[in-house]
Every structure is written in structure tokens, then in C-alpha cells.
Amino acid sequence: MYRDFLKKLLVRNNEHFGNIPDIELLHHFADELFRFLFIPLKAAKNTEVQLQKDLKQLQDTFSSILFDVLHQKEDVMINEENFFSALPFIYDNLLEDVASIMRYDPAAESIEEILVAYPGFFATAIYRIAHQLYQQQIATVPRLLTEYAHSKTGIDIHPGAKIGKSFFIDHGTGIVIGETTKIGDNVKVYQGVTLGALNVAKEYAKTKRHPTIEDNVVIYSGATILGGETTIGHDSVIGGNVWLTNSVEPYSVVYHKSNIVVRDKNPLAEPLNFII
């Protein structure tokens with residue numbers, strides 16, 4: 001009864017999913033790499049020999065993931081070497097991100113707390129790992145990694161975005177950072193911020209569609225900044241709930257002015273609660 005349908009599924013799956021890695025294995029790799037870098041084993045097991053074993057296991061797992069995508073042993077070896085050669089640089093950048101969080105977040109009590117409990121740092125770490133693979137032009141894997149972080153943290157950073165040093169995400173839920181966004185150094189972003197595109201037509205796929213955020217900018221919760229030609233000048237502050245589609249000069253303060261009315265609870269002539 002279902003034979004034709006099953007044949008159709010088989011043909012389509014073989015045609016479209018032949019270069020997709022084992023997603024559960026990729027998620028496991030992301031978690032283990034994060035643990036390897038930032039969450040050490042108990043002191044008795046945290047030795048150089050153990051670290052070497054852990055690194056070798058990570059390399060083997062990564063090779064298996066890459067082989068599902070690249071299918072050529074030589075390509076796998078080259079890309080594995082390029083990635084792990086970049087890992088010390090990624091690690092140093094992430095340490096600067098941690099230092100930035102510690103410096104600016106009054107609620108952060110220790111480096112250790114940031115490493116194990118801050119979703120913004122986890123999302124940034126996975127982004128930096130994925131961005132390296134994006135630069136190596138490895139298909140699909142970078143996006144799968146950042147979507148894994150998105151599913152765990154509510155923070156959506158496209159692996160193609162370019163983010164500078166000392167990046168600080170506070171809280172983080174609902175942040176969206178698009179593919180062609182450029183972010184400078186020492187930038188702080190709060191929950192609900194969107195750095196997006198003005199036009200999502202497919203013909204603009206290869207153009208710069210997302211904004212540029214220069215150094216030392218703070219973007220508070222709920223702000224939306226759109227457009228590839230939109231630049232937020234350095235040392236600016238973008239207030240909560242601001243909607244921007246035009247550039248802002250350096251040292252600017254941009255805020256949304258709302259009209260909030262506070263009154264007593266005496267009955268109103270017009271009801272506040274209604275249903276449409």
C-alpha cells in the first residue's frame with residue numbers, strides 16, 4: 001500500500017540529505033568542545049595526559065562529522081587541521097568575552113559562574129566556533145551549530161556575522177543577529193535586540209543586508225536595527241524599544257519616547273480591558 005510513497009521518500013532523502021552530518025553527534029561535539037575549553041574535570045582527572053586524550057577524541061568525532069559532509073578523506077584532514085589550529089585564537093577571543101561580562105555585569109559573581117550558567121556566553125562560544133567553520137566554507141555544519149545554541153538559549157546568531165572582541169550579551173533571550181551583521185569591539189547587547197535586514201527578497205542574498213555596529217556601542221532590550229547601509233557610530237547608546245533604519249553618528253544617544261500614564265483605580269469612562 002505504501003510502497004510508492006516509501007520509494008519517493010527514499011529517493012528524496014538520498015538526493016537532499018546526502019551531505020547532512022549526524023545531528024546528534026554534532027550536538028554532542030559542541031557540548032564536549034565547550035566542556036573541554038571551559039569546564040574542567042575534577043582535579044584528580046584534570047591532567048595534561050587527560051586533556052590530550054580528550055582532544056584526540058574531539059578530533060576523531062569532528063573528522064566523522066566532516067566526512068558526512070565532505071566525503072573526501074583529504075578534504076576532511078585539511079579542514080580538521082585548519083579548525084583545530086584556529087582553536088587557540090577562538091579560545092583567547094572567548095576569554096575576552098568572559099572578561100567583558102565580568103567587568104560590566106554587576107550580577108556576575110565569578111568567572112566560573114559565567115562559564116557554566118550564562119546562556120549569552122554559551123551562544124557566543126558556539127557562534128565563534130561555527131564562524132570559523134563558516135570561514136572554511138564548510139556547508140551546513142556552521143548553521144546547525146548556531147541553531148543548536150539557539151534552541152538552548154533563545155539567542156539566534158548567524159555564523160556568517162562578524163563579531164569583534166569583548167562581546168557581551170546580557171540575558172540574551174530573543175536576540176537575533178543576521179548573516180551580514182558587522183559588530184565591532186566592546187559591544188554590549190541586551191535581550192530582544194534584532195540586528196536584521198530591511199529587505200528579505202532572495203535576490204539580495206549575496207549583498208550586505210544587516211547593520212554595522214561600531215566599537216563601544218550599547219544596545220538595550222527590544223531595540224530593532226535594520227538594513228545593510230545602517231551604521232551605528234562608535235560609543236553610541238541605543239535605548240530600549242528603538243526602531244532604527246538609518247545610520248547614527250558616533251557618540252549618539254538614541255531613545256524611544258513613550259507616553260506612560262499612571263492614575264488611580266477609580267472607574268474609567270472607557271474600559272481598559274476589552275476583547276476583539
Of all heavy-atom pairs between Ala161 and Gly178, which one has the smallest distance, and what is that distance? CB-O, 3.5 Å
Between Ala123 and Ile157 the two heavy atoms that sit nearest each other are O-CD1, 4.2 Å
Gln132 and Gln135: CA distance, side-chain angles, deciding distance, side chain to side chain contact (heavy atoms under 4.5 Å, CB included) verdict: CA-CA 5 Å; Gln132 173 61 35; Gln135 289 180 308; 3.6 Å; yes
Any idea how Phe34 and Phe38 line up, ring-wise: parallel (<30°), tilted (30 to 60°), or perpendicular (>60°)? tilted
So if you build clusters from Ile, Leu, Val, Met, Phe, Trp, Tyr with side-chain heavy-atom gaps below 4.5 Å, do Val217 and Tyr251 land together? no
Between Asp31 and Phe122, is the side chain to side chain contact (heavy atoms under 4.5 Å, CB included) condition met? List the steps. CA-CA 10 Å; Asp31 287 334; Phe122 181 80; 4.0 Å; yes
Run the ring-ring contact (aromatic ring centres under 6.0 Å, His included) test on Phe167 and Tyr127 for me, step by step, so that the C-alpha distance in whole Å, both residues' side-chain angles and the decisive distance to 0.1 Å come before the verdict. CA-CA 12 Å; Phe167 185 53; Tyr127 153 75; 7.7 Å; no
Over all heavy atoms of both residues, which pair between Gln191 and Thr173 is shortest? Give the atoms and the distance, please. CB-O, 3.4 Å
Reference residue Thr212; test side-chain hydrogen bond (donor to acceptor under 3.5 Å, both in side chains); the match among His210, Lys208, Glu214: Lys208
How about Phe121 and Leu94: do any of their side-chain heavy atoms sit closer than 4.5 Å? yes
CG of Leu87 to CG of Leu58, rounded to nearest 0.5 Å, is 8.5 Å
First locate atom CG of Asp22, then atom CD1 of Ile20, and finally report the distance between them rounded to the nearest 0.5 Å. 11.5 Å
Over all heavy atoms of both residues, which pair between Val98 and Ile114 is shortest? Give the atoms and the distance, please. O-CD1, 3.9 Å
If you draw a 6.0 Å radius around CD in Glu48, do more than 12 non-hydrogen atoms from other residues or ligands fall strictly inside? no
Mark yes or no for whether Thr230, through its side chain, and Thr245, through its backbone, hold a donor-acceptor pair below 3.5 Å. yes
Should Ile183 and Tyr220 be regarded as members of a common hydrophobic cluster, given that ILVMFWY residues are connected when their side-chain heavy atoms come within less than 4.5 Å of each other, either directly or indirectly? no
Do Glu147 and His150 have side-chain N/O donor and acceptor atoms under 3.5 Å apart? yes
For Thr194, does its backbone N or O pair with a side-chain atom of Thr224 as donor and acceptor, under 3.5 Å? no
Path from Leu95 to Val116 over hydrophobic side-chain contacts below 4.5 Å: yes
Do Gln136 side-chain atoms and Asn79 backbone N/O form a donor-acceptor pair below 3.5 Å? yes
Exam field: side chain Ser236 to backbone Glu249, donor-acceptor pair closer than 3.5 Å: yes
Going by heavy atoms in the side chains, are Phe29 and Ile65 under 4.5 Å from each other? yes
Should we say atom CD of Glu109 is surrounded by more than 12 heavy atoms from elsewhere, each under 6.0 Å from it? no
Check: Asp215/Asn186 side-chain N/O donor and acceptor closer than 3.5 Å: no
Rounded to the nearest 0.5 Å, how far does CZ of Arg103 lie from NZ of Lys188? 8.0 Å
Heavy-atom closest pair (Thr146 atom, Ala130 atom, distance to 0.1 Å) is CG2-CB, 3.6 Å
CZ of Phe83 to CD of Gln59: how many Å apart, nearest 0.5 Å? 10.0 Å
Is there side-chain contact between Asn241 and Ser258, with heavy atoms separated by less than 4.5 Å? no
Does Ile90 reach the side chain of His131, with side-chain heavy atoms less than 4.5 Å apart? no
Candidate pair Ser166 and Asp185, rule side chain to side chain contact (heavy atoms under 4.5 Å, CB included), full reasoning: CA-CA 6 Å; Ser166 299; Asp185 297 339; 5.7 Å; no
Is the Tyr104 ring parallel, tilted or perpendicular to the Phe168 ring (thresholds 30°, 60°)? parallel
Just how far is it from atom CZ of Arg209 to atom OH of Tyr204, taken to the nearest 0.5 Å? 11.5 Å
So for atom CZ, which belongs to Phe84, do other residues, nucleotides or ligands contribute more than 12 heavy atoms lying within a distance under 6.0 Å? yes
A quick test of your reading: do over 12 heavy atoms of other residues, nucleotides or ligands sit less than 6.0 Å from CD of Glu96? yes
Looking at Asp4 and Lys8, is any side-chain nitrogen of the basic one under 4.0 Å from a carboxylate oxygen of the acidic one? no
For the residue pair Ile238 and Val193, establish whether any side-chain heavy-atom pair is separated by less than 4.5 Å. no
Is it true that, when you exclude Glu229 itself, more than 12 heavy atoms of the residues, nucleotides or ligands shown sit nearer than 6.0 Å to its CD? no
Tell me the closest heavy-atom pair linking Tyr134 and Pro142, and the distance in Å. N-CG, 3.5 Å
Nearest 0.5 angstrom please: Ile129 CD1 to Leu37 CG, how far? 6.0 Å
Starting from Leu145, can I reach Phe36 by hopping between I/L/V/M/F/W/Y residues whose side chains sit under 4.5 Å apart? yes
Check whether any side-chain heavy atom of His71 lies under 4.5 Å from a side-chain heavy atom of Asn19, and answer yes or no. yes
Given the rule in the side chain to side chain contact (heavy atoms under 4.5 Å, CB included) test, do Ile126 and Lys152 qualify, once you have shown the distances and angles that lead to the verdict? CA-CA 11 Å; Ile126 299 302; Lys152 293 189 72 171; over 6 Å; no
Cluster overlap Ile225 with Val242, hydrophobic side-chain contacts below 4.5 Å: yes
